Trainee: 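Here it is, the structure in full.
Everything numeric here is computed off the predicted structure, so don't read it as measured data. As the structure lists them, so they are numbered: ligands from 1, and atoms in each ligand from 1.
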Amino acid sequence: MTQPQRMSAPTLPTYSPRGLALLRDPLLNKGTGFTEQERDALGLRGFLPAGVMSMQAQAERILVNLRSLPSDLEKYVALNALHDRNEALFFRVVCDNIDEIQPLIYTPTVGLACQKYGLIFQRPRGLFISANDRGRIAEILANWPYRAKLIVVTDGERILGLGDLGANGMGIPVGKLSLYSACAGIHPEECLPVMLDVGTNNEELLNDAYYIGLRQKRITGAAYDAFVDEFMTAARAAFPGVLIQFEDFANHAAFKLLHKYRDDACVFNDDIQGTAAVALAGLFSALRINGGKLRDQTVLFLGAGEAATGIADLVVSAMMAEGLSEAEALRRNWLTDSRGLVIKGRENLHGHKLRYAHEQAPIGDFLTAIKTLKPTAIIGVAAVGGAFTPEVLQTMAELNERPIVFALSNPTSKAECSAEAAYRYTKGRALFACGSPYDPVRLDGKTFVPRQGNNSYIFPGVGLGAIATGARLVTDEMFMAAAHTLANCVTGADLEQGSLYPALPRIREVSALIGAAVAGVAYQNGLAAGPAPNDLLGFVESKMYDARY
Ligand SMILES: NC(=O)C1=CN([C@@H]2O[C@H](COP(=O)(O)OP(=O)(O)OC[C@H]3O[C@@H](n4cnc5c(N)ncnc54)[C@H](OP(=O)(O)O)[C@@H]3O)[C@@H](O)[C@H]2O)C=CC1
Ligand SMILES: CC(=O)C(=O)O
Ligand SMILES: [Mg+2]
């Protein structure tokens, strides 16, 4: 028997706690799963009841308890408590019940959890770095006892479609990193969630007695840029080669940060790039059903922000790969924002929209845009719940034999339409994907199984490939490879039931394949740290953490 040890940074002493300290270390604790031999060797006698349970029995007990809880928020809290007690058991439960658990630790429940974060707050997880810590960020990162290989960082300004949730947004990096470990086997010890608490402009939170963050308005401008820059410099120095994922920043910061760091550091923006890959994969699946070619599609977006322009940019690249010129491809993608259709000559258009500002008379509403532009696909990423009205859906079905309808906004309350509405108002002809999960829909004797067009299919595998190879940069080519790989995982049986993505229980296999594809791009483009192994898939699989005692 070997004593459980943390994989500490080489500079830190190896830490092998015993007794109570061991039971209170979530990365090493097995609770009632410690064997008789371990109980003797590790000073655990007396701290545990006599019964020794298998991991499987422990997991079953967790599920029995979980299923008896009356609300999803309580289930979230219970799962969080397990995460804080026994990480291996937490990840075992997540991995073996991913269809049931993912919606509880990720969208939609994580949205509600962030809204109530102050109220349900128990143990801190990750690092909270506030604007008051300016000048001391390196010191704070040095407090972290593990060697981080992956950071998910947010400043909480655009949490899902729920807006500015300030420091309460920490639930998002925590949830994303849980999926990294569960879905792609990134070791939990290598994952670091970070909240850059620069304040909040959410008055409700500023007046909330239980708000956990800095009670001040957001810092902006040069002070904000310098603060984030201090974090980026300190993080890269503390954890050389670390992959940093920007998550749920408001779009004015998201585009700026991505452009500032992407050519120099191992970073990506999940909302822009990860979302792009999952949406493109969904389009490829839809086209397998309706027999179309991507180059012939006209895509109309509801939204013109991070997700919309990220997706549109990757779709344009994919259309160009099918032979269109850039101008032709751009012209097949249209954006609408809070002021209507994005068109040439409109005043004060932000930089990320300019590529899609085509010659066209102004159009104020989405339905008129559909009737005018006759899209084959509509993609909702504006966080306007219910915006795909019955009339929108019926019009899409009049224009197209198999209309592509993606309602990608999160959480469920912000979805542009429900799965039920998508199928009902198109008479079962919609090729549908949703950002948050929906149950299967039974209509006219047929069962439709909608799956999530959510970047959670993409970022775990991309991160795995980037970390396994020690990639210097994360490139758009990697996201293109991820999109193709994900699309190739979709089976005929999936398509038969209207599923544009593979079943979630296959996610570790899917992530490994995406990881291998991303690794391939890293090696081909000289971005990897070492020589390419012969067997890329075997190589990335060998790096995957499996939650077992
Ligand atoms: N499924 C997935 O994997 C992902 C889903 N999302 C979801 O997408 C949504 C948007 O995220 P993101 O793109 O990052 O956010 P942004 O804030 O970057 O973009 C939102 C866009 O919606 C536009 N908008 C707002 N109101 C309307 C309206 N009434 N009609 C048309 N457009 C409108 C905004 O217009 P304006 O530019 O004028 O302000 C803006 O362009 C969120 O709900 C998020 O959860 C995001 C990432 C991944
Ligand atoms: C899924 C995701 O990243 C979002 O909704 O922001
Ligand atoms: Mg996000």
Trainee: Under a 3.5 Å threshold, yes or no: a donor from one side chain and an acceptor from the other, between Asn168 and Gln115?
Mentor: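 No.
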Trainee: Heavy-atom contacts with Asn410 under 4.0 Å: which atoms of ligand 2 show up? List them by number with element.
Mentor: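 In order of numbering, the contacting atoms are 1 (C), 4 (C), 5 (O).
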Trainee: Under 6.0 Å between ring centres: does that hold for Phe268 and Phe479?
Mentor: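 Close enough - the centres of the two rings lie under 6.0 Å apart.
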Trainee: Heavy atoms only, cut-off 4.0 Å: how does Gln245 contact ligand 2, side chain, backbone, both, or neither?
Mentor: neither
Trainee: Please work out whether any backbone atom (N, CA, C, O) or any side-chain heavy atom from C-beta onward of Thr275 is under 4.0 Å from ligand 2, and answer side chain, backbone, both or neither.
Mentor: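 Near ligand 2, Thr275 shows nothing, with every heavy atom at 4.0 Å or more.
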Trainee: Ring centroid separation for His83 and Phe91, is it under 6.0 angstrom?
Mentor: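 Yes, close enough.
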Trainee: May I ask you to check if ligand 2 and Glu247 share an N or O to N or O distance below 3.5 Å?
Mentor: yes
Trainee: Just let me know how Tyr106 lines up against ligand 2, side chain, backbone, both or neither, with a heavy-atom cut-off below 4.0 Å.
Mentor: side chain
Trainee: Without hydrogens or angle criteria, can the side chains of Gln452 and Ser436 be said to hold a donor-acceptor pair below 3.5 Å?
Mentor: no
Trainee: Is the closest side-chain donor-acceptor distance between Thr154 and Asp248 under 3.5 Å?
Mentor: no
Trainee: Against Arg158, only a single residue in Asn251, Asp164, Asp271 fulfils side chain to side chain donor-acceptor pair (under 3.5 Å); can you say which?
Mentor: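 Answer to the side chain to side chain donor-acceptor pair (under 3.5 Å) test with Arg158 among Asn251, Asp164, Asp271: Asp271.
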Trainee: Between Ile172 and ligand 2, find which residue part has any heavy-atom pair under 4.0 Å and reply side chain, backbone, both or neither.
Mentor: neither
Trainee: Decide whether Asp365 and Thr368 meet the rule of one side-chain donor and one side-chain acceptor closer than 3.5 Å.
Mentor: yes
Trainee: Tell me if the centroids of the rings in Tyr425 and Phe388 come within less than 6.0 Å of each other.
Mentor: no
Trainee: Decide whether the shortest distance between a heavy atom of Asn455 and an atom of ligand 2 is less than 4.0 Å.
Mentor: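 The answer is yes: ligand 2 sits under 4.0 Å from a heavy atom of Asn455.
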Trainee: Residue by residue, ordered by chain and number, which ones reach under 4.0 Å of ligand 1 with a heavy atom?
Mentor: Arg158, Leu160, Gly161, Asn251, Asp271, Thr275, Leu302, Gly303, Ala304, Gly305, Glu306, Ala307, Thr336, Asp337, Ser338, Lys353, Val381, Ala382, Ala383, Val384, Leu408, Ser409, Asn410, Gly435, Gly453, Asn454, Asn455
Trainee: Quick one: sort the Phe249 and Phe246 rings into parallel, tilted or perpendicular, breaks at 30° and 60°.
Mentor: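 The arrangement is perpendicular - the two ring planes meet at more than 60°.
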Trainee: Flag the pair Tyr423 / Phe432 as yes when their ring centroid distance falls below 6.0 Å, and as no otherwise.
Mentor: yes
Trainee: Short of 2.8 Å from the Mg ion (ligand 3), name each protein N/O/S atom, waters not counted.
Mentor: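 Those protein N, O or S atoms (cut-off: under 2.8 Å from the Mg ion (ligand 3)) are Glu247 OE2, Asp248 OD1, Asp271 OD1.
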Trainee: Using a 4.0 Å heavy-atom cut-off, say whether Asp248 meets ligand 2 through its side chain, its backbone, both or neither.
Mentor: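 The part of Asp248 near ligand 2 is the side chain, not the backbone.
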